[in-house]
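The structure appears below as structure tokens.
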Amino acid sequence: MKKVSAKSKLLFAVVIFVVTFNKSYAQLSPPGLGEAKNASWFAFGVRQSLDSLKQKESTTYVGVGLKSSPDENNPFSKMAILVLNEEISNRYKKNWEYSYAFSYRRANNYDSEVPYEELNPAIEQEFRLYGRYSYITEGSGLKWKNTVRQEFRKFFNPDFSNAEENFQLRTRFKTQLSLDLGNSKTHHIIGGAEVLFAISKENEPEKEWSKFDYKESRFTLYYSLSPHEIPFVFDLGYMYNLIGKGSDVTDVNYLALDVVWKDPFGA
């Protein structure tokens, strides 16, 4: 596993957080793809308003993740994940928002040792339920959003037999800031920092519970373009993923691109 010094990790996190003091648009951020050197994420989504005040929204997307092996640079060399996701959100008060979602994910499994071949089984299926609760402050082109997210993740082999990990409860804390570039509200810079904690019930060995513990951190920086002439939002971004803790840490660089179609069925 690639070693990253504590000083380097702290410096990178501080730089990302300071540079991205900015307004939160809902880009379709990459999922974690496990150990790799570089990775890529592409997603297409549909965001539909569910009421005339645009406080309630449905966001549906499909995403594909690719990655390199831990010792190569190509972020497109291996299929990593297919994601189908549906989320309903409600900005029910000026500063408060909640959402709930269902997700299906089909992840590819690879050996952690050279030559990093597919494992048997090569695929792990996941069904995920999650909810978010957010506090939002905004003004003068700035928006700051702090979110707690709770997930239930259930895993299966390709034939729906029990996977090695039965299910997982994961808690995520995220702060996200964003900035409008100019008065047209067409160009935006978005940045965020997130930490993830989890506890798992294992099928092997002996249906044991793991400890509730810190798992990883994710830092994102996005440029978002939302032209007034067309109902699409384009997000181009970077994610830095730190997995593990102490001396057992690996880092992965992500290139991300997503396109969101706004209100195809009318606002």
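Atom set for the values below is all heavy atoms of this structure, side chains included, hydrogens, waters and symmetry mates excluded. In this text the structure is predicted, and so the values were computed from the model without any measurement.
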- Query: Does a side-chain heavy-atom distance below 4.5 Å link P227 with F234?
  - Reply: yes
- Message: Do F44 and L84 land in one hydrophobic cluster if side-chain heavy atoms of ILVMFWY residues count as linked below 4.5 Å?
- Response: no
- Message: Parallel, tilted or perpendicular, judged at 30° and 60°: which one describes the rings of Y238 and Y240?
- Response: parallel
- NZ (K145) and CD (E138) are apart, to the nearest 0.5 Å, by 10.0 Å
- Message: I'd like to know if the side chain of N90 and the backbone of K56 have a donor-acceptor N/O pair within less than 3.5 Å.
- Response: no
- Task: Answer yes or no: does atom CG of N183 have more than 12 heavy-atom neighbours from other residues, nucleotides or ligands under 6.0 Å?
- Result: no
- Query: Looking at CG of N146 and CG of N95, how far apart are the two atoms once the value is rounded to the nearest 0.5 Å?
  - Reply: 11.5 Å
- Are I189 and L142 connected in a single hydrophobic cluster, I mean Ile/Leu/Val/Met/Phe/Trp/Tyr linked by side-chain heavy atoms less than 4.5 Å apart? yes
- Message: Walk me through whether S200 and E165 qualify under side chain to side chain donor-acceptor pair (under 3.5 Å).
- Response: CA-CA 7 Å; S200 298; E165 186 175 8; 2.5 Å; yes
- Query: Would a distance-only check, ignoring hydrogens and angles, find a side-chain to backbone donor-acceptor pair under 3.5 Å from D258 to L28?
  - Reply: yes
- Do the side chain of T250 and the main chain of E35 share a donor and acceptor less than 3.5 angstrom apart? no
- Item | Test item: N157 side-chain N/O and F160 main-chain N/O as donor-acceptor pair under 3.5 Å | no
- Message: For residues 242-266, which residue pairs pass the ring-ring contact (aromatic ring centres under 6.0 Å, His included) check, not counting sequence neighbours?
- Response: F232-W261
- Query: Hey, are the side chains of L242 and F219 touching, using non-hydrogen atoms and a 4.5 Å cut-off?
  - Reply: yes
- Message: What I want to check is whether the side chains of E202 and S210 have a donor and an acceptor closer together than 3.5 Å.
- Response: no
- Is there a chain of hydrophobic side chains (I, L, V, M, F, W, Y, each step under 4.5 Å between heavy atoms) that links F42 to L82? yes
- Query: Looking at CD1 of I81 and CZ of R106, how far apart are the two atoms once the value is rounded to the nearest 0.5 Å?
  - Reply: 11.5 Å
- Would you sort out whether F156 and F127 count as a side chain to side chain contact (heavy atoms under 4.5 Å, CB included), showing the intermediate values? CA-CA 9 Å; F156 294 97; F127 293 90; 3.9 Å; yes
- Message: Which heavy atom of R218 sits nearest to which heavy atom of P30, and what is that distance?
- Response: NH1-O, 4.1 Å
- Message: Enumerate the ring-ring contact (aromatic ring centres under 6.0 Å, His included) contacts for residues 76-96, please, sequence neighbours excluded, ordered by first and then second residue.
- Response: Y92-Y98, W96-Y133, W96-Y135
- Regarding K215 and the six-membered ring of F197, is the cationic atom NZ or CZ under 6.0 Å from the ring centre and inside 45° of its axis? no
- Specify the closest pair of heavy atoms between I243 and E216, including all atoms of both residues, with the distance to one decimal. CA-CB, 4.0 Å
- Hey, does S103 have a side-chain heavy atom less than 4.5 Å from the side chain of V83? yes
- Query: Does any non-hydrogen side-chain atom of R91 lie less than 4.5 Å from one of I136?
  - Reply: yes
- Query: For the side chain of N203 and the backbone of N162, is there at least one donor-acceptor N/O pair under 3.5 Å apart?
  - Reply: no
- Could you walk me through whether L33 and N241 pass the side chain to side chain contact (heavy atoms under 4.5 Å, CB included) check? CA-CA 9 Å; L33 301 179; N241 188 199; over 6 Å; no
- Task: List the steps, then state whether side chain to side chain donor-acceptor pair (under 3.5 Å) holds for Q27 with S224.
- Result: CA-CA 8 Å; Q27 75 279 2; S224 181; over 6 Å; no
- Query: Is the distance between the ring centroids of F167 and F152 under 6.0 Å?
  - Reply: yes
- Stepwise salt bridge (Lys or Arg N to Asp or Glu O under 4.0 Å) test for R149 and E194: CA-CA 10 Å; R149 169 169 161 170; E194 184 175 31; 5.6 Å; no
- Look up atom CG in D159 and atom CD in Q125, then write down how far apart they are to the nearest 0.5 Å. 8.5 Å
- Item | Heavy-atom closest pair, residues K67 and A80 | CG-CB, 4.0 Å
- Task: Work out which heavy atom in Y214 is nearest to a heavy atom in G244; give both atom names and the distance.
- Result: CE2-O, 3.2 Å
- Please lay out, stage by stage, how M239 and V252 fare under the test side chain to side chain contact (heavy atoms under 4.5 Å, CB included). CA-CA 8 Å; M239 184 172 85; V252 188; over 6 Å; no
- Query: Linking I/L/V/M/F/W/Y whenever their side-chain heavy atoms sit closer than 4.5 Å, directly or via other members, would V148 and L169 fall into one cluster?
  - Reply: yes
- Item | Worked verdict on D251 versus K37 for salt bridge (Lys or Arg N to Asp or Glu O under 4.0 Å) | CA-CA 7 Å; D251 63 331; K37 189 171 184 180; over 6 Å; no
- Query: Any side-chain heavy atom of H188 sitting closer than 4.5 Å to one from D235?
  - Reply: no
- Item | 4.5 Å side-chain heavy-atom contact, R172 and V195 | no
- Specify the closest pair of heavy atoms between G266 and Q48, including all atoms of both residues, with the distance to one decimal. O-NE2, 2.6 Å
- Item | Worked verdict on I88 versus E57 for side chain to side chain contact (heavy atoms under 4.5 Å, CB included) | CA-CA 6 Å; I88 303 294; E57 288 186 331; over 6 Å; no
- Query: Are E118 and N108 close enough that some pair of their side-chain heavy atoms sits under 4.5 Å apart?
  - Reply: yes
- Task: Decide, yes or no, whether a salt bridge links D180 with K143 under the criterion of side-chain N to carboxylate O below 4.0 Å.
- Result: no
- Output all residues satisfying salt bridge (charged side-chain N to carboxylate O under 4.0 Å, His left out) with E124, sequence neighbours left out; order by chain, then residue number. none
- Within 6.0 angstrom of K201 NZ, more than 12 heavy atoms from elsewhere: yes
- Would you kindly confirm whether Y223 and L179 end up in one hydrophobic cluster when ILVMFWY residues are joined by side chain heavy atoms under 4.5 Å apart? yes
- Item | Flag, side chain of S40 to backbone of P75, donor-acceptor distance under 3.5 Å | yes
- Message: Measuring from atom OG of S49 to atom CG of D263, what distance do you get when rounded to the nearest 0.5 angstrom?
- Response: 3.5 Å
- Message: Taking OH in Y100 as the centre, count heavy atoms belonging to other residues, nucleotides or ligands within less than 6.0 Å. Is the count above 12?
- Response: no
- Query: Should V249 and S247 count as side-chain neighbours, where that means a heavy-atom distance under 4.5 Å?
  - Reply: no
- How long is the gap from CZ on F173 to OG1 on T147, to the nearest 0.5 Å? 11.0 Å
- Query: What do the steps show when you test Y61 against E87 for side chain to side chain donor-acceptor pair (under 3.5 Å), and what is the final call?
  - Reply: CA-CA 9 Å; Y61 73 84; E87 181 169 342; over 6 Å; no
